[in-house]
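The structure appears below as structure tokens.
Model, not experiment: these values are computed from the prediction. Numbering starts at 1 and runs along the sequence shown. Counting starts at 1 for both ligands and their atoms, in listed order.
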Amino acid sequence: MSLDGHIALITGAGQGIGRACTVTFASKGADLVLLDKNPETLGEVAHEAAGMGRKVMSDVLDLTELERLREVAEKARKMGLIDILVNNAGFDRPGTTAKIDKKAFEEVLGIHVTVPLTLIQIFLPGMRAAGWGRIVNVGSIYGITGGKGEVAYSTAKAGIIGLTKSVAKECGQDGVTVNAVLPGLTRTPTIETFMNERYKEAIIASTPLGRMAEPEEVANVIAFLASDEASFITGIALPVCGGWAV
Ligand SMILES: NC(=O)c1ccc[n+]([C@@H]2O[C@H](COP(=O)([O-])OP(=O)(O)OC[C@H]3O[C@@H](n4cnc5c(N)ncnc54)[C@H](O)[C@@H]3O)[C@@H](O)[C@H]2O)c1
């Protein structure tokens, strides 16, 4: 499974699943455009990918500042045709329907739906013109099951599934596939730092594989969907959850 000759843009590349994607994609030969708001972690992962012999451009930005995002995307085009887009960056603002405020709700929809839409609008025309492209959106199991106390996040993650399927229908004839992966609980710095142990244990107890995912296990599926080997797969929302949602 090679990604040689392709340029992949990965959002949220600094840590967790985005970082694992960066290293996996670099190991499969892709050149990379890496975006994140954290200068330290982004610098480290960009250095690591460059050390693997890949061409790397990285930019520090808050992706939800859409004007700045458009400028950075324009700059990224100088690397060449970006024909793989991984919409991964995300964050959570927990809250029930009674507690969530409008600002938090819109921030979560912004990062998980509006930012991916904006990047798709920017890069899809080039992929269609080239007759080959891969878009992989990182959703969540909560996008299909909902999550108690996770009303904004679950709504946003359901939204990205709708976006995935709609764009897939628009551009399939032009050789561009659009898919979503839906991780279950995955051992990333945010989960390790902020999720309380009782909550983690409850999820693991209802996961048939009996553990959380390592970020690389999610990245491997994203890399597969980004490769030629996945040429006849589009519009799917693929759980990578150890059976949690079964
Ligand atoms: N870890 C899990 O258990 C899990 C489960 C299901 C889905 N997901 C999804 O997977 C994706 C990655 O999750 P993760 O756990 O690796 O996250 P993480 O919090 O460990 O890393 C997210 C990265 O995105 C960056 N980022 C966040 N907001 C940004 C912004 N506005 N602008 C620029 N960069 C920004 C952060 O700086 C960070 O480097 C997210 O979309 C998340 O919702 C994660």
Provide, to 0.1 Å, the distance between [atom] and the closest protein heavy atom, together with that atom's residue and name.
atom: atom 31 (N) of ligand 1; value: D62 OD1, 2.9 Å
atom: atom 27 (C) of ligand 1; value: G90 O, 3.6 Å
atom: atom 6 (C) of ligand 1; value: P183 O, 3.3 Å
atom: atom 15 (O) of ligand 1; value: T188 OG1, 2.7 Å
atom: atom 37 (O) of ligand 1; value: D36 OD1, 2.6 Å
atom: atom 42 (C) of ligand 1; value: Y153 OH, 3.5 Å
atom: atom 24 (O) of ligand 1; value: G12 CA, 3.3 Å

[X] touching ligand 1 at heavy-atom level, < 4.0 angstrom:
X: T41; answer: no
X: M195; answer: no
X: G184; answer: yes
X: H112; answer: yes
X: L42; answer: no
X: G139; answer: yes

Candidate pair Q15 and T190, rule side-chain hydrogen bond (donor to acceptor under 3.5 Å, both in side chains), full reasoning
CA-CA 9 Å; Q15 68 175 45; T190 297; 3.3 Å; yes
W132 and side chain to side chain donor-acceptor pair (under 3.5 Å): which single residue from T177, D228, D174 fits?
D228
Salt-bridge criterion met for [X] and [Y] (N-O under 4.0 Å):
X: E192; Y: K200; answer: yes
X: E217; Y: R211; answer: yes
X: E71; Y: K75; answer: no
X: D62; Y: K37; answer: no
X: K102; Y: E106; answer: yes
X: R19; Y: E44; answer: yes

Is [X] reaching over with its side chain to a backbone N or O of [Y], donor-acceptor style, under 3.5 angstrom?
X: N87; Y: V138; result: no
X: N137; Y: I160; result: no
X: K165; Y: T234; result: no
X: T96; Y: K99; result: yes

Below a 4.0 angstrom heavy-atom separation, can you tell me which part of K157, side chain or backbone, both or neither, approaches ligand 1?
side chain
Any idea which part of I191 is under 4.0 Å from ligand 1, heavy-atom wise: side chain, backbone, both or neither?
side chain
[X] heavy atoms, cut-off 4.0 Å: which ligand 1 atoms fall inside?
X: S140; result: 6 (C), 7 (C)
X: G16; result: 16 (O)
X: I111; result: 30 (C), 31 (N)
X: L61; result: 32 (N), 33 (C)

Decide whether D4 and S2 meet the rule of one side-chain donor and one side-chain acceptor closer than 3.5 Å.
no
Of the listed options ([options]), which comes nearest to [atom] when hydrogens are ignored and any heavy atom counts?
atom: atom 16 (O) of ligand 1; options: I10, T190, I17; result: I17
atom: atom 35 (C) of ligand 1; options: K37, R19, Q15, E192; result: K37
atom: atom 40 (C) of ligand 1; options: N88, V138, N38, T186; result: N88

Show, in sequence, the C-alpha distance, side-chain angles and deciding distance for D59 and R68, and conclude whether the side chain to side chain contact (heavy atoms under 4.5 Å, CB included) test is met.
CA-CA 11 Å; D59 233 301; R68 169 104 173 91; 3.3 Å; yes
Would you say ligand 1 has an N or O under 3.5 Å from any N or O of L63?
yes
